[in-house]
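Below is one structure, written out as structure tokens, with a few remarks after it.
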Amino acid sequence: MNIAATLINRARSAPDRAALTWREETLSYGAFVDVAARIAGGLRGAHGLAAGDRVVLCMENRPEFLLGLFGCWIGGLAAVPTNAKLHGREIAHIVRDSGAAAVFTSDALIESIDHALREDGAPRPPLIVAGSAEWARLLGAAPIGCVDVAATDLAWVFYTSGTTGRPKGAMLSHRNLMFMSQAYFADIEHVAPGDVKLHAAPLSHASGLYGLPHLFAGGHQVVLPGFEPDEVLAAFERYANVTMFAAPTMVTRLVNAAGAGAGVPGLRTLYYGGGPMYVSDLRRALDAFGPRLWQLYGQGESPMTICGLSKSDHEGDGGPAHLARLASCGIPRTGVEVRVVGEDGAPLPVGEVGEVTTRSDCTMAGYWGNPQASANALRDGWLWTGDVGVLDERGYLTLRDRSKDMIISGGTNIYPREIEEVLLRHPALLECSVVGRAHADWGEEVVAFVVLRPGQAVDERDLETLVLDHLARFKRPKAYRRVDALPKNNYGKVLKTELRRLLREENEDA
């Protein structure tokens, strides 16, 4: 069951229908499939890739991303979409860890990726730059037919990080992605041919994942190079029946740009997720856009598909029950089971706080090359999410905390441990701990608490340079706090809750 076959069938039935628009150019479904089949042919032929090989896709939003994605699948290959904002060394780790046989990238990223891959001295896979002469040769290959694969075969490796900060590749099968797409139709909306899916958020994550059901149904993908509120609002004017993904901070920026009671005639559905949406911000969004919002709760290990808060659930009288519902992330999605459990894995009574677990045909097979992490996350068929939450008597799930101490800034996950490991390379630092501080625009920002070795001194500019030499810019601490010691429990574990409390109190006193 190759999910690319669904797209091919759609193209066969209406080859001239608009499939993908980039700037002022539009590609038909027939042309889309032809290009993707040529990419598949070039990868399998000239580049010698075999069924099951992994291909990293690391580029900014552009049409080659979606074309390359389906080229991989038509060729029976597994795609490894990667955040283009990562540091070159972080991307290189994903390339090496996944054993990628090829990398699709862009002019803007090729130099840093190439440099990072050459640092370890190992042979590097071909780096194919979108729009280059090598890309043109790929498109000059003979198209091939869709390779037959099993439903359980690997389709997408979604790299995420855990408490160790080391990226782990969640293995998603063709069945996982088809289930995700069908759950979209069951829970969120029917997609008719020609309906528009607007991509302003990165294609490598939520926006691209939900591009799949729209392509399968004959929808029209409109790709923007990035998120600019005025461009998004203009697209709402230009197109009809528009659906778009936005992180909570993106929603807030759209509201600020549009104003209350904004005219957004083309917008049908604005689905949001990837971080906490504060009720006050959500109510402003409802005032601006009306009953068009849909909240999703998922993670890379169960992409987009754990719980959801429907459009009708967003409506209400502003009373306590309505506000509590808005603070939740909704009910389990169609075909998805959700439990809140104690440390022993036993379901907890309604109203008790515990770890959120889930199972469905959307649940990953495990982490690529990491059996220990797989065993920790998957137990008796249930995915342990690492999120702490509570279910109410109606089945609505409300998240209380993130057990992995993850920071979410601008809808992007930031993992403190990887920042701490980089900072501790500085010889003047004895200890450090990284936590998130509330930020009005970005949700959270990164703050680093540092303890110096006796007699040592350090300039914050040196720490900034160290971080930027190893990690993406968006992960750098926005503030450094020098402390004599970090708060710890009797077992020597740093109490990040105390550090976060200190930052909250400072905000309140400011």
_Stepwise side-chain contact (heavy atoms from CB on, under 4.5 Å) test for V458 and H426_ = CA-CA 9 Å; V458 65; H426 198 288; 3.5 Å; yes

So how far is it from [X] [atom1] to [Y] [atom2], rounded to the nearest 0.5 Å?
X    : Y    : atom1 : atom2 : answer
I94  : R54  : CD1   : CZ    : 14.0 Å
L495 : L499 : CG    : CG    : 8.0 Å
E498 : K488 : CD    : NZ    : 14.0 Å
R292 : T243 : CZ    : OG1   : 11.0 Å
I414 : F474 : CD1   : CZ    : 5.5 Å
E418 : L423 : CD    : CG    : 11.0 Å

Salt bridge or not between [X] and [Y]? Use side-chain N to carboxylate O under 4.0 Å.
X    : Y    : value
R501 : E505 : yes
K496 : E420 : yes
R461 : D459 : yes
R283 : D287 : no

*Kindly determine whether L296 and Y210 satisfy side-chain contact (heavy atoms from CB on, under 4.5 Å), including the steps that lead there.*
CA-CA 11 Å; L296 62 88; Y210 268 174; 3.8 Å; yes

Looking at [X] and [Y], what are the two nearest heavy atoms and their distance?
X    : Y    : value
C307 : C329 : CB-O, 3.4 Å
A246 : V251 : CB-CG2, 3.7 Å
V494 : S433 : CG1-OG, 3.7 Å
P202 : S207 : O-CB, 3.6 Å
E64  : G131 : OE2-N, 4.0 Å
P125 : R96  : CD-NH1, 4.0 Å

*Hey, what's the ring geometry for W442 with H439, parallel, tilted or perpendicular (30° and 60° as the breaks)?*
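Aromatic pair W442/H439 classed tilted.
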
*Anything under 30° is parallel, anything over 60° is perpendicular, the rest tilted; go ahead and classify Y271 against F245.*
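Aromatic pair Y271/F245 classed tilted.
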
Ignoring hydrogens and angles, tell me if any N or O in the side chain of [X] forms a donor-acceptor pair with the backbone of [Y] under 3.5 Å.
X    : Y    : value
R476 : R473 : yes
E134 : I128 : no
T105 : V129 : no
T82  : V80  : yes
H470 : L466 : yes
R89  : D469 : yes
T358 : V338 : no
E90  : H87  : yes
W384 : R379 : no
D53  : L77  : no

*Contact list for residues 445-456, test side chain to side chain donor-acceptor pair (under 3.5 Å), sequence neighbours left out*: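 Counting only pairs at least two positions apart or across chains, the side chain to side chain donor-acceptor pair (under 3.5 Å) contacts touching residues 445-456 are R437-E445.
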
_Regarding Y367 and E301, do their side chains bring together a donor and an acceptor under 3.5 Å, going by distance alone?_
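Note: Y367 and E301 side chains meet the donor-acceptor criterion.
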
*Neighbour count >12 (heavy atoms, 6.0 Å) for atom CD, E343*: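 No, the 6.0 Å shell around CD holds no more than 12 heavy atoms from other groups.
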
*For atom CG of D344, is the number of surrounding heavy atoms from other residues, nucleotides or ligands below 6.0 Å larger than 12?*
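Atom CG in D344 is packed in, count exceeds 12.
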
Side-chain heavy-atom pair [X], [Y] within 4.5 angstrom cut-off:
X    : Y    : result
T363 : N176 : no
L309 : R325 : yes
L203 : L57  : no
L117 : L127 : yes
F179 : V336 : yes
C432 : F449 : no
I407 : P416 : yes
L254 : F227 : yes

*Might you work through the side-chain contact (heavy atoms from CB on, under 4.5 Å) test for T249 and D441, ending with a clear yes or no?*
CA-CA 6 Å; T249 53; D441 295 325; over 6 Å; no

_For Y297, give me all partners under side chain to side chain donor-acceptor pair (under 3.5 Å), at least two apart in sequence or on another chain._
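So Y297 forms a side chain to side chain donor-acceptor pair (under 3.5 Å) with D387.
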
*Checking ring pair (Phe, Tyr, Trp, His ring centres under 6.0 Å) for the pair F104/W135: CA distance, chi angles, key distance, verdict?*
CA-CA 9 Å; F104 288 158; W135 181 263; 5.3 Å; yes

*Stepwise, does the side-chain contact (heavy atoms from CB on, under 4.5 Å) test hold for L212 with Y184?*
CA-CA 10 Å; L212 302 186; Y184 182 95; over 6 Å; no

*Applying ring pair (Phe, Tyr, Trp, His ring centres under 6.0 Å), run through Y272 and H314 and close with a yes or a no.*
CA-CA 12 Å; Y272 63 95; H314 281 78; 5.8 Å; yes

